[in-house]
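To start, the structure under review is shown below, and the notes come after it.
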Amino acid sequence: MHGGKALLSPSSSADRRLSALVRHLEGSSSIVMGSKDSSIAASPTSARNSVFEHILQASEDPILGVTVAYNKDPSPVKLNLGVGAYRTEEGKPLVLNVVRRAEQMLVNDNSRVKEYLPIVGLADFNKLSAKLILGADSPAIQENRVTTVQCLSGTGSLRIGAEFLSRHYNQHIIYIPQPTWGNHPKVFALSGITVKFYRYYDPATRGLDFQGLLEDLGSAPSGAIVLLHACAHNPTGVDPTPQQWEQIRQLMRSKALLPFFDSAYQGFASGNLDSDAHSVRIFVADGGECLVAQSYAKNMGLYGERVGALSIVCRTPDVAGRVESQLKLVIRPMYSNPPLHGASIVARILKDSNMYQEWTVELKAMADRIISMRQKLFDALRNRGTPGDWSHIIKQIGMFTFTGLNRNQVSFMTEEYHIYMTSDGRISMAGLSSKTVPHLADAIHAAVTRLD
Ligand code: KET
């Protein structure tokens, strides 16, 4: 979308975008938007040299690249614990029954057409998504202070929110947790927002560095944006307690810090959709403003359908209306309007109380299977007498275990045991099954006994 330099100097990216816009408005726009060196784009093709000759090979994405490496490995025992994608006990991807049923209904409904959706997406889907995360009785919804737009899953929702803030919010600094999902810094930096970190995880206790968090947010400039994982923090699996959330809320509100929630795992932490929305709801209950990016990739297993929503909770309906009008201007030149199919599935399920009920049961079953994998892996390591305290495996929450294994141990496990995971030592518990636990436990045991 913009030049690769943006990561290093977001302000120059914003400058470039502004000057491209000025040139465009002056009617002299002949350059490629975002290109720093227009001579490259303008150079004539010749028989021998590619106009792309100067382009360097980029490295694979730290998470999705793990799947690329896994796919190339011919070993029959290979195991992909990289990307956060749910697998059954048989190691197979899962399409929820309720999703299949909703799809059947959509296919059989001859009144359905394939017209474009509005720029903001499917109205029912938006309304029901806000209700799902904010609660059916949310005063903000009742007072019409929430604007929700359908976006391309969680990532697209974050990206639209970031772009909106970059254009219309006065403070261009975001604080994100250290560590966080690897795509967060890129999404915000490419939107022209300066990325800073706040302390979150303490490797010594394998728990929350709450003091560090409070200190860092306490010294953030007034009005700064703060990214918060709504639940099931990725990659650490460590969430604040309700009391700690309350302290975070008070601190943030006292400093007018703007909360931007990333909710990619609602229902996956506790198995309960309402409990997993607790953090977001306390921030909305105080009447203040916030942004929420929702993803249905994990909790409805709709990964490839790219279904998500961005909600912006505002002080008044009037502000919400104007915010929505500007969100449309962000979305229209990016992808015009979002896809119909996935949002229609979600809307069907959320609208019908039987289907909703069926979904919560299937969701709970996924969450429970992950929890049972935690216990199995913990027991397997204890039975092997693997050195170290592995209790964090059962204490952590959500899809991932942040094992504490280092980069060398991870490469050893990949080379010797064909186990694929991200280099920070994160494993997707959702990719594990009773059959593969012993293989993983053998690999961890060998890694920690042979390598420091
Ligand atoms: N936020 C968080 C915290 C997150 O872990 C993911 C995905 C997303 C947003 C985006 O999901 P989307 O598919 O755009 O709705 N995380 C997994 C997949 C990925 O990296 O894309 C992962 O961490 O493995």
Side-chain angles (χ1 to χ4, degrees), residues 60-70 80-87 93 121 125 129 132-133 149-162 174 176-188 190-191 195 200-201 226-239 259-269 276-277 279-280 291-311 334-335 338-339 342-343 345-346 366 370 396-403 410 420-432:
E60 290 284 356
D61 180 81
I63 297 175
L64 301 184
V66 174
T67 303
V68 175
Y70 167 84
N80 188 3
L81 304 177
V83 68
Y86 185 83
R87 297 285 177 267
F125 167 86
S129 294
L132 181 69
I133 187 73
V149 292
Q150 179 194 333
C151 298
L152 304 184
S153 214
T155 311
S157 307
L158 290 164
R159 184 69 178 84
I160 296 297
I174 188 162
I176 63 177
Q178 173 76 275
T180 191
W181 180 51
N183 218 13
H184 279 149
K186 300 172 196 174
V187 165
F188 288 99
L190 283 170
S191 307
V195 174
Y200 189 85
Y201 179 76
V226 178
L227 184 103
L228 300 161
H229 294 229
C231 70
H233 181 274
N234 176 11
T236 67
V238 173
D239 284 353
F260 193 155
F261 283 98
D262 181 356
S263 176
Y265 299 95
Q266 189 182 359
F268 257 92
D276 286 0
S279 60
V280 178
L291 291 85
V292 190
Q294 278 171 275
S295 167
Y296 290 97
K298 328 280 162 139
N299 59 12
M300 262 194 213
L302 291 174
Y303 306 90
E305 296 290 357
R306 313 306 294 146
V307 205
L310 170 72
S311 285
M334 276 199 192
Y335 53 84
I345 297 172
V346 173
M366 289 195 284
I370 296 172
Q396 291 171 356
I397 293 167
M399 247 188 177
F400 304 106
T401 289
F402 204 46
T403 57
V410 170
Y420 289 79
M421 54 200 276
T422 52
S423 61
D424 58 1
R426 182 190 89 166
I427 58 178
S428 170
M429 298 307 283
L432 209 53

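Order of listing sets the numbers, starting from 1, for every ligand and every atom in it.
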Legend entry - Closest heavy-atom pair and its distance - A269, I397: CB-CG2, 3.4 Å
Legend entry - Parallel, tilted or perpendicular, as decided by the 30° and 60° cut-offs, for the rings of F268 and Y265: perpendicular
Inset, instruction - Can you pull out the closest protein heavy atom to atom 20 (O) of ligand 1? Residue, atom name and distance to 0.1 Å, please. - result: W181 NE1, 2.9 Å
Legend entry - Closest approach of any protein heavy atom to atom 12 (P) of ligand 1, naming residue and atom: S153 OG, 3.3 Å
Inset, instruction - Under 4.0 Å from a heavy atom of V83: give me the atoms of ligand 1 that qualify, with their elements. - result: 18 (C), 24 (O)
Legend entry - Ligand-residue contact atoms, ligand 1 with A297, heavy atoms, under 4.0 Å: 13 (O), 15 (O)
Inset, instruction - Could you find the nearest protein heavy atom to atom 2 (C) of ligand 1 and give me its residue, atom name and distance? - result: D262 OD2, 3.4 Å
Legend entry - The one among T155, L64, V66, V187 that brings a heavy atom closest to atom 14 (O) of ligand 1: T155
Legend entry - Identity and distance of the protein heavy atom lying nearest atom 17 (C) of ligand 1: K298 NZ, 2.9 Å
Legend entry - Test item: S295 side-chain N/O and G308 main-chain N/O as donor-acceptor pair under 3.5 Å: no
Legend entry - Side-chain donor/acceptor of N234 to backbone N/O of W181, under 3.5 Å: no
Inset, instruction - Spell out, as yes or no, whether a donor-acceptor pair under 3.5 Å connects the side chain of T67 to the backbone of I63. - result: no
Legend entry - Polar side chain donor-acceptor pair, Y296 to S129, under 3.5 angstrom: yes
Inset, instruction - Report yes if N234 has an N/O atom closer than 3.5 Å to an N/O atom of ligand 1; otherwise report no. - result: yes
Inset, instruction - Kindly say whether F402 contributes a backbone atom to a donor-acceptor pair with the side chain of Q396 at under 3.5 angstrom? - result: yes
Legend entry - Backbone N/O of G425 and side chain of T403: donor-acceptor pair under 3.5 Å: yes
Legend entry - Per-atom contacts, ligand 1 versus R426 - under 4.0 Å to a heavy atom: 22 (C), 23 (O), 24 (O)
Legend entry - Closest protein heavy atom to atom 13 (O) of ligand 1, given as residue, atom name and distance to 0.1 Å: R306 NH1, 2.9 Å
Legend entry - Proximity flag Y265 to ligand 1, non-hydrogen atoms under 4.0 Å: yes
Inset, instruction - Please confirm whether G154 comes within less than 3.5 Å of ligand 1 when only nitrogen or oxygen atoms on both sides are compared. - result: yes
Inset, instruction - Identify, by atom number and element, the atoms of ligand 1 in contact range of G84, meaning under 4.0 Å from any of its heavy atoms. - result: 22 (C), 24 (O)
Inset, instruction - May I ask you to decide if L132's main-chain N or O and Q266's side chain share a donor-acceptor pair within less than 3.5 Å? - result: yes
Inset, instruction - Give the atoms of ligand 1, by number and element, whose distance to some non-hydrogen atom of S295 is under 4.0 Å. - result: 12 (P), 15 (O)
